[in-house]
Peer 1: 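Got a structure for you, questions after.
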Protein chains: 2
Amino acid sequence: MQNILFDFIAKYITLNEEEKDALTSLSLFHSVKKGTVLLEAGQKTKNSFFVLKGCIRTFYIQDGEEKTTAFYTELDALTPPCVITQTPSDYTISCVEDSILSISHSDMEAEINRQFPKFDIMCKMLSEELLAKERIDFDTFKTSSPEQRYLNLLQTRPDLIQRVPQHQLASFLGIQPPSLSRLRARLLEKDKS
Amino acid sequence: MQNILFDFIAKYITLNEEEKDALTSLSLFHSVKKGTVLLEAGQKTKNSFFVLKGCIRTFYIQDGEEKTTAFYTELDALTPPCVITQTPSDYTISCVEDSILSISHSDMEAEINRQFPKFDIMCKMLSEELLAKERIDFDTFKTSSPEQRYLNLLQTRPDLIQRVPQHQLASFLGIQPPSLSRLRARLLEKDKS
DNA sequence: TTGCTTTCTTAACTTAAGTGAACGAGCTGT
DNA sequence: ACAGCTCGTTCACTTAAGTTAAGAAAGCAA
C-alpha cells in the first residue's frame with residue numbers, strides 16, 4: 001500500500017528516504033468497511049482522504065432523499081470543502097465498498113509541509129490539476145443531456161456503472177432513478193435496431 | 001488597479017515592498033474591449049486571467065452553437081485547464097464587457113515563484129479554495145432543477161442576470177434560451193398570485 | 001427456507017424541456 | 001432614416017424527465 005502512495009506522489013515530486021520515512025511514520029492507512037460513514041453532514045473535520053482501494057461517495061440529504069454527487073475510486077483524492085472553509089460539512093461521506101484509505105489530518109499536513117516544503121509544491125500541483133479536471137467535468141455536464149452524460153460515463157468510468165447502486169448513479173447523473181432505467185432501456189432498444 | 005490586486009493577494013500572503021515592486025514591474029494590466037477573444041478553441045496558451053473590472057466568459061462550440069459554461073467577473077481568477085494540461089484549449093475565452101484584466105504567463109509565474117516562494121503558497125491556497133468552491137457549485141447544479149438553478153443565481157450573482165445576454169445565461173444554466181424565457185414567465189406568473 | 005428490506009424496473013400520468021419557426025424590439029452602420 | 005443583424009420571446013409540437021405507485025428481483029437475517 002505504501003508503494004501505491006509513493007508511486008502516486010512520484011508523479012509530482014521526488015522523495016528521498018528521509019521523506020518516505022516521515023510519511024510512513026504517520027500511519028496513514030485505514031481499512032474501512034462498506035457503509036462506514038467517514039464524515040457526517042453538519043460535522044466539521046480536518047481530514048482528507050485518498051483512495052488506495054475501494055470506493056467512497058459524497059451525498060446530500062434533500063427532502064429526505066440521498067443525492068449522491070461524487071464517487072472517489074482508486075487513486076482519487078478528496079479534501080472536503082469544509083476542511084478549506086472551516087465550516088460544518090454540507091454533505092456526508094460514506095464507504096460504497098470495503099476500502100483502504102489514506103486519511104490525513106490538515107494539521108499533520110501542515111507539519112509535514114513545514115519540514116518538507118516540497119510537499120506544498122505537490123499540493124499546489126495536485127489542486128491545480130484537480131481544479132482543471134473539475135471544471136472540465138462541470139462543463140461537460142452542463143452541455144450534455146442525461147443520455148449523453150450516461151454514455152460519457154460509460155466511456156470514461158465504465159467500472160462505476162457496475163460497482164455502484166443505480167439510484168446513486170442516477171443522482172450522480174443529475175436525474176431520478178426511473179429516468180435512468182428508461183434511458184438505459186431506450187439505448188438498448190436503439191442498439192438492437 | 002494595482003491596489004485591487006494587492007488587496008486580493010493580501011487575503012493570502014503579506015507582501016513587502018520588494019515583492020510589490022517585482023509584481024508592478026511585470027506590467028500585468030490590460031484593457032480589453034467587449035468581444036475580444038482572449039483564447040481561441042484549439043489554440044494553446046500559458047496565460048492566466050484575473051478580472052479587475054468587467055466580465056469574461058468561456059464557451060464551447062457544439063453543433064455550431066455557442067455553449068457558455070462560465071462567467072468570470074470582478075476578483076475572479078481563471079487559469080484555463082489547457083495551461084495545466086499543456087494541450088489545446090477545448091473552449092474559447094471572450095470578453096463580455098469592456099474589461100481590465102491582469103494577464104500572467106505561466107513561465108513568468110514560475111520565475112516569480114522561484115524568487116519569492118511565498119507565491120507558491122498563495123497559489124496553493126487559492127487553487128484549493130477554488131476547487132472547494134467549484135465542487136460545491138457542481139454539486140448544487142447537479143441536485144437542482146433549471147428553475148432552482150435560476151433562483152439560486154438570482155440569490156448569489158444577481159448582477160449576472162442583468163449584465164449578460166440571455167442566450168449565454170441559458171447555456172450557463174444548462175438549458176435552451178426558450179426554456180429560460182418560459183421559466184421566467186412561469187415565475188412571474190407565480191409571483192402575481 | 002421464510003420473511004423482511006432494499007433495489008431496480010415498469011407503467012400511467014403530469015410537467016417541463018427541446019426544437020423549429022415566426023415575430024417584434026433594439027442596435028449598428030451606412 | 002433605413003436595411004440588416006442580433007436578441008429575446010412566443011407558439012405549436014415533440015420528446016423526455018419528474019412523480020407516484022406497484023410489482024419483480026436480489027440481498028440479508030433469523
Side-chain angles (χ1 to χ4, degrees), chain A residues 33-37 55 57 59 61-68 71 94-98 141-153 160-193, chain B residues 33-37 55 57 59-68 71 94-98 141-154 160-193:
Chain A
K33 284 270 163 234
K34 175 175 175 173
T36 306
V37 169
C55 178
R57 70 179 172 120
F59 66 91
I61 307 278
Q62 286 181 358
D63 315 314
E65 296 270 299
E66 283 188 9
K67 304 261 189 172
T68 299
F71 296 101
S94 122
C95 229
V96 176
E97 304 169 350
D98 291 353
F141 190 94
K142 266 189 188 173
T143 58
S144 306
S145 65
E147 183 172 316
Q148 290 171 321
R149 281 177 222 151
Y150 177 79
L151 290 171
N152 182 50
L153 194 66
L160 263 196
I161 297 173
Q162 302 307 320
R163 68 204 283 196
V164 149
Q166 297 296 306
H167 66 280
Q168 291 175 14
L169 255 193
S171 58
F172 179 67
L173 292 169
I175 58 179
Q176 298 298 318
S179 294
L180 178 55
S181 275
R182 272 182 307 213
L183 188 161
R184 302 179 75 188
R186 229 169 32 231
L187 289 174
L188 278 176
E189 204 51 41
K190 280 188 201 167
D191 226 34
K192 267 192 277 181
S193 58
Chain B
K33 285 268 163 233
K34 175 177 174 172
T36 306
V37 169
C55 178
R57 70 179 172 119
F59 67 90
Y60 297 74
I61 307 278
Q62 287 182 358
D63 315 314
E65 297 268 299
E66 283 187 9
K67 305 260 190 172
T68 299
F71 296 101
S94 123
C95 228
V96 176
E97 303 170 349
D98 291 353
F141 190 94
K142 266 188 189 174
T143 58
S144 307
S145 65
E147 184 172 316
Q148 289 171 321
R149 281 176 221 151
Y150 178 80
L151 290 171
N152 183 50
L153 194 66
L154 214 48
L160 263 195
I161 296 172
Q162 302 308 319
R163 69 204 282 197
V164 148
Q166 296 296 307
H167 66 279
Q168 291 175 13
L169 256 192
S171 56
F172 179 67
L173 292 168
I175 57 178
Q176 298 298 317
S179 294
L180 179 54
S181 275
R182 272 180 308 212
L183 187 160
R184 303 179 76 187
R186 224 163 43 226
L187 289 174
L188 278 176
E189 204 51 41
K190 281 188 201 167
D191 227 33
K192 266 192 280 182
S193 58

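Residue numbers start from 1 in every chain, and the chains themselves are labelled A, B, ... in the order their sequence lines are given, proteins ahead of strands.
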Peer 1: What's the separation between atom CD in A/Gln176 and atom OG in A/Ser181, rounded to the nearest 0.5 Å?
Peer 2: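 It comes to 12.0 Å.
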
Peer 1: When rounded to the nearest 0.5 angstrom, what distance separates CZ in A/Phe71 from CZ in A/Phe59?
Peer 2: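 With rounding to 0.5 Å, CZ (A/Phe71) is 11.0 Å from CZ (A/Phe59).
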
Peer 1: Ignoring hydrogens and angles, tell me if any N or O in the side chain of A/Ser171 forms a donor-acceptor pair with the backbone of A/Thr68 under 3.5 Å.
Peer 2: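 Checking the backbone N and O of A/Thr68 against the side chain of A/Ser171, a donor-acceptor pair under 3.5 Å is found.
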
Peer 1: Roughly, in whole Å, what's the span from CD in B/Gln148 to P in C/dT15?
Peer 2: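 To the nearest whole Å, that distance equals 17 Å.
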
Peer 1: Please check the phosphate of C/dC8 (OP1 and OP2 only) for any side-chain N or O of A/His167 closer than 4.0 Å.
Peer 2: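 It does, given that an N or O in the side chain of A/His167 lies less than 4.0 Å from OP1 or OP2 of C/dC8.
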
Peer 1: How long is the line joining CG of A/Leu169 and P of C/dC8, in whole Å?
Peer 2: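 Rounded to whole Å, this separation is 9 Å.
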
Peer 1: Do the side chains of B/Arg57 and B/Glu97 get close enough for a salt bridge, i.e. N-O under 4.0 angstrom?
Peer 2: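 No, this pair does not count.
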
Peer 1: Whole angstrom is fine here: how far is it from CD in A/Gln176 over to P in C/dT15?
Peer 2: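 Rounded to whole Å, this separation is 16 Å.
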
Peer 1: Is there a residue in residues 178-186 of chain A whose heavy atoms reach under 4.0 Å of DNA chain C, and which residues are they?
Peer 2: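 Per residue number, the list reads A/Pro178, A/Ser181, A/Arg182, A/Arg184.
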
Peer 1: In Å and rounded to the nearest 0.5 Å, what is the NZ to OH distance from A/Lys142 to B/Tyr60?
Peer 2: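 That separation rounds to 10.0 Å.
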
Peer 1: Whether B/Asp98 and B/Lys33 form a salt bridge (side-chain N of Lys/Arg under 4.0 Å from carboxylate O of Asp/Glu) is what I want to check.
Peer 2: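 Here B/Lys33 pairs with B/Asp98 in a salt bridge, since their nearest N and O are under 4.0 Å apart.
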
Peer 1: Could you check how far CZ of A/Arg149 sits from C1' of D/dA16, rounded to whole Å?
Peer 2: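 Rounding to the nearest Å, CZ of A/Arg149 and C1' of D/dA16 are 12 Å apart.
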
Peer 1: When the distance from CD of B/Glu66 to C1' of D/dG8 is rounded to whole Å, what number comes out?
Peer 2: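 Atom-to-atom, B/Glu66 to D/dG8, this comes out as 16 Å.
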
Peer 1: Between A/Leu187 (CG) and D/dT15 (C1'), how many Å, whole number?
Peer 2: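 So the two atoms are 15 Å apart, to the nearest Å.
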
Peer 1: Atom NZ of B/Lys33 to atom C1' of C/dT28: distance rounded to whole Å?
Peer 2: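 So the two atoms are 16 Å apart, to the nearest Å.
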
Peer 1: Rounded to the Å, how far apart are B/Glu189 CD and D/dT9 P?
Peer 2: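 Result: 15 Å.
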
